[in-house]
**Student:** 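The structure's right below; bear with me while I get my questions together.
Each ligand, and each atom within it, is numbered from 1 in the order the structure gives.
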Amino acid sequence: MSLLEIDGVVAGYGRGPDILRGVDLTVEEGEVQCIIGPNGAGKSTLLKTIAGLLRPRKGRVVFQGEVLNGLRPDQIIRRGIAFLPQERSLFPDMTVLENLRMGGYALEDKSLMSERIEEAFAQFPILKERYKQKARTLSGGQQQMLVMGRALVLRPHLVMLDEPSLGLAPQIVAQLFEIVRGFKDQGMTVLMVEQNARQGLNCADRGCVLDLGQRVFDGPADGILDDPRIQELYLGTQKKAETS
Ligand SMILES: Nc1ncnc2c1ncn2[C@@H]1O[C@H](COP(=O)(O)OP(=O)(O)O)[C@@H](O)[C@H]1O
Ligand SMILES: [Mg+2]
């Protein structure tokens with residue numbers, strides 16, 4: 001049994017059209033999986049649907065054998081799925097420490113909180129240095145470290161990241177993907193969406209391509225990177241960006 005199974009999921013916003021048009025996808029225990037695909041393919045919509053922010057119109061989301069359809073986002077977090085949306089969702093006027101504590105609000109065992117916060121500080125010394133500062137005073141890279149630190153405090157079974165590298169300087173991006181690998185080493189399973197397809201796949205064990213609301217390819221991440229058809233259709237953006 002896979003940790004997460006998405007079966008024929010159809011979803012959309014309000015009374016609008018179907019954005020996900022029958023997505024099938026599995027996430028295995030302990031892997032890092034990277035979803036790539038063009039803008040508007042439905043990648044964020046898929047993560048939002050798994051997180052319970054959107055209800056599937058058809059199909060099933062099954063986590064550890066339990067159907068999640070219809071559960072609220074807070075109920076889904078308590079089952080061990082954390083969603084780190086694209087728009088970082090820090091509390092800008094709270095301090096670094098307060099933000100880390102908020103990360104642990106869904107912890108069943110609150111006595112773990114201070115231990116986990118110390119561990120996050122050990123991994124991100126800059127957060128320890130700045131623990132009294134308001135989140136909004138941090139640089140973009142530091143804010144993303146804080147988001148990652150919050151995930152470490154909660155230590156979910158499955159962590160879903162939507163475009164974690166967005167807006168970060170190149171040397172920070174490399175660091176960020178190392179942190180994502182670190183999540184795996186600490187026993188978490190990762191499902192990540194990346195516009196930065198090559199680096200995202202380099203960090204991943206498995207990858208899949210979402211296009212027009214459907215999964216059009218999946219397999220080992222290095223296989224996707226080497227596939228000439230996928231290179232042309234979905235990984236060609238870097239070249240274009242250089243010449244335009
Ligand atoms: N809140 C929303 N309300 C209505 N339509 C939305 C909303 N968010 C996204 N969409 C639409 O859903 C489609 C897929 O968007 P999204 O899942 O964000 O794509 P991706 O993350 O792959 O770039 C787009 O056509 C977008 O306009
Ligand atoms: Mg998106």
Side-chain angles (χ1 to χ4, degrees), residues 4-27 32-61 68-74 76 81-90 140 143-144 147-148 151 158-168 172-173 176-177 180 190-204 206-219 221 224-225 227 229-238 240-241 244:
L4 178 73
E5 292 185 25
I6 313 289
D7 260 337
V9 164
V10 174
Y13 297 88
R15 287 160 187 269
D18 294 341
I19 303 293
L20 303 180
R21 302 184 310 143
V23 174
D24 298 310
L25 182 140
T26 58
V27 179
V32 175
Q33 183 168 163
C34 180
I35 303 173
I36 65 166
N39 248 326
K43 303 181 299 297
S44 298
T45 302
L46 177 59
L47 296 192
K48 284 188 239 173
T49 305
I50 299 166
L53 298 167
L54 273 183
R55 242 164 219 263
R57 291 172 176 167
K58 279 189 202 149
R60 299 194 314 164
V61 177
L68 300 185
N69 294 38
L71 292 184
R72 295 186 312 266
D74 62 294
I76 289 176
I81 301 180
F83 174 42
L84 314 188
Q86 203 170 310
E87 54 284 356
R88 308 230 163 103
S89 70
L90 292 169
Q143 289 190 15
Q144 190 60 300
V147 169
M148 304 301 259
L158 172 68
V159 55
M160 299 194 294
L161 303 140
D162 196 356
E163 311 247 10
S165 79
L166 198 75
L168 300 181
I172 313 261
V173 170
L176 173 95
F177 286 125
V180 172
V190 178
L191 180 61
M192 151 173 88
V193 166
E194 257 305 330
Q195 199 59 251
N196 203 334
R198 281 173 201 279
Q199 273 180 294
L201 287 168
N202 261 323
C203 162
R206 217 146 62 91
C208 75
V209 180
L210 202 70
D211 198 357
L212 298 172
Q214 287 183 315
R215 193 199 61 193
V216 295
F217 192 92
D218 82 325
I224 295 189
L225 281 166
D227 187 307
R229 262 182 35 241
I230 293 189
Q231 280 177 5
E232 191 189 330
L233 284 170
Y234 303 108
L235 298 169
T237 46
Q238 283 178 338
K240 265 185 226 150
S244 65

**Student:** Is any side-chain heavy atom of F217 closer than 4.5 Å to one of D227?
**Tutor:**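 Yes; the side chains approach each other to less than 4.5 Å.
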
**Student:** Which of the numbered atoms in ligand 1 are under 4.0 angstrom from any heavy atom belonging to N39?
**Tutor:**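 That gives atoms 23 (O) of ligand 1.
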
**Student:** What's the spacing between L176 CG and C203 SG if we round to 0.5 Å?
**Tutor:**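 Going from the CG atom of L176 to the SG atom of C203 covers 8.0 Å.
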
**Student:** One residue to check: I19. Relative to ligand 1, which of side chain, backbone, both or neither has a non-hydrogen atom less than 4.0 Å away?
**Tutor:**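 Contact part for I19 vs ligand 1: side chain (C-beta onward).
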
**Student:** Report yes or no: does D24 contribute a side-chain atom to a donor-acceptor pair with the main-chain N or O of D7 at less than 3.5 Å?
**Tutor:**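 A pair under 3.5 Å: no.
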
**Student:** So, the side chain of K43 versus the backbone of P38: is there a donor-acceptor pair under 3.5 Å, distance only?
**Tutor:**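 Confirmed, K43 side chain pairs with P38 backbone.
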
**Student:** Heavy-atom distance from atom 8 (N) of ligand 1 to the protein below 4.0 Å?
**Tutor:**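 Yes, because at least one protein heavy atom sits under 4.0 Å from atom 8 (N) of ligand 1.
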
**Student:** For atom 17 (O) of ligand 1, what is the closest protein heavy atom, and at what distance to 0.1 Å?
**Tutor:**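 I find the closest protein heavy atom is T45 OG1, 2.5 Å.
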
**Student:** Return the closest protein heavy atom for atom 10 (N) of ligand 1 as residue, atom name and distance.
**Tutor:**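 It is Y13 CE1, 3.4 Å.
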
**Student:** Please list the nearest protein heavy atom to atom 23 (O) of ligand 1 with its residue and the distance rounded to 0.1 Å.
**Tutor:**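 Checking every protein heavy atom, the shortest distance to atom 23 (O) of ligand 1 gives G40 N, 2.8 Å.
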
**Student:** Just by distance, do the side chain of E163 and the backbone of Q195 share a donor-acceptor pair under 3.5 Å?
**Tutor:**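 Yes; at least one donor-acceptor contact below 3.5 Å.
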
**Student:** Test your reading of the model: is there a side-chain donor-acceptor pair from E194 to the backbone of L201, 3.5 Å cut-off?
**Tutor:**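 No, E194 side chain to L201 backbone: no donor-acceptor pair under 3.5 Å.
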
**Student:** Has Q86 got a side-chain atom pairing as donor or acceptor with L166's backbone, closer than 3.5 angstrom?
**Tutor:**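 Judged by distance alone, no pair lies under 3.5 Å.
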
**Student:** Is ligand 1 less than 4.0 angstrom away from at least one heavy atom of G16?
**Tutor:**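 No; G16 lies far enough from ligand 1 that no heavy-atom distance drops under 4.0 Å.
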
**Student:** Among all the protein's heavy atoms, is there at least one whose distance to atom 26 (C) of ligand 1 comes out below 4.0 Å?
**Tutor:**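 It does not; no protein heavy atom is within 4.0 Å.
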
**Student:** Inside 2.8 Å of the Mg ion (ligand 2) but strictly below it, how many protein N/O/S atoms are present?
**Tutor:**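 For the Mg ion (ligand 2), the figure is 1.
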
**Student:** Answer yes or no: is there a donor N or O on one side and an acceptor on the other, between the side chain of R60 and the main chain of V9, under 3.5 Å?
**Tutor:**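 No, the answer is negative, given that no donor and acceptor are paired below the 3.5 Å cut-off.
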
**Student:** Has G42 got any heavy atom lying under 4.0 angstrom from an atom of ligand 1?
**Tutor:**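 Judged by the 4.0 Å heavy-atom criterion, G42 does count as contacting ligand 1.
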
**Student:** Could you check whether any side-chain N or O of Q33 sits under 3.5 Å from a backbone N or O of M192, counting only pairs where one atom can act as donor and the other as acceptor?
**Tutor:**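 Answer holds: no.
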
**Student:** Provide, to 0.1 Å, the distance between atom 18 (O) of ligand 1 and the closest protein heavy atom, together with that atom's residue and name.
**Tutor:**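 Scanning the protein heavy atoms, the shortest distance from atom 18 (O) of ligand 1 goes to S44 CB, 3.6 Å.
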
**Student:** In residues 10-23, what donor-acceptor pairs under 3.5 Å come from side-chain atoms, sequence neighbours left out?
**Tutor:**
from: Y13; atom 1: OH; to: T45; atom 2: OG1; distance (Å): 2.8
from: Y13; atom 1: OH; to: K48; atom 2: NZ; distance (Å): 3.0
from: D18; atom 1: OD1; to: R57; atom 2: NH1; distance (Å): 2.7
from: R21; atom 1: NE; to: L212; atom 2: O; distance (Å): 2.9
from: R21; atom 1: NH2; to: L212; atom 2: O; distance (Å): 3.1

**Student:** Sub-3.5 Å donor-acceptor pair from the side chain of N69 to the main-chain atoms of V61, do we have one?
**Tutor:**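 Yes; judged by distance alone, with no hydrogens or angles, the pair exists.
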
**Student:** If we only consider heavy atoms of P38, is any one of them less than 4.0 Å away from an atom in ligand 1?
**Tutor:**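 P38 counts as a contact of ligand 1 under the 4.0 Å cut-off.
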
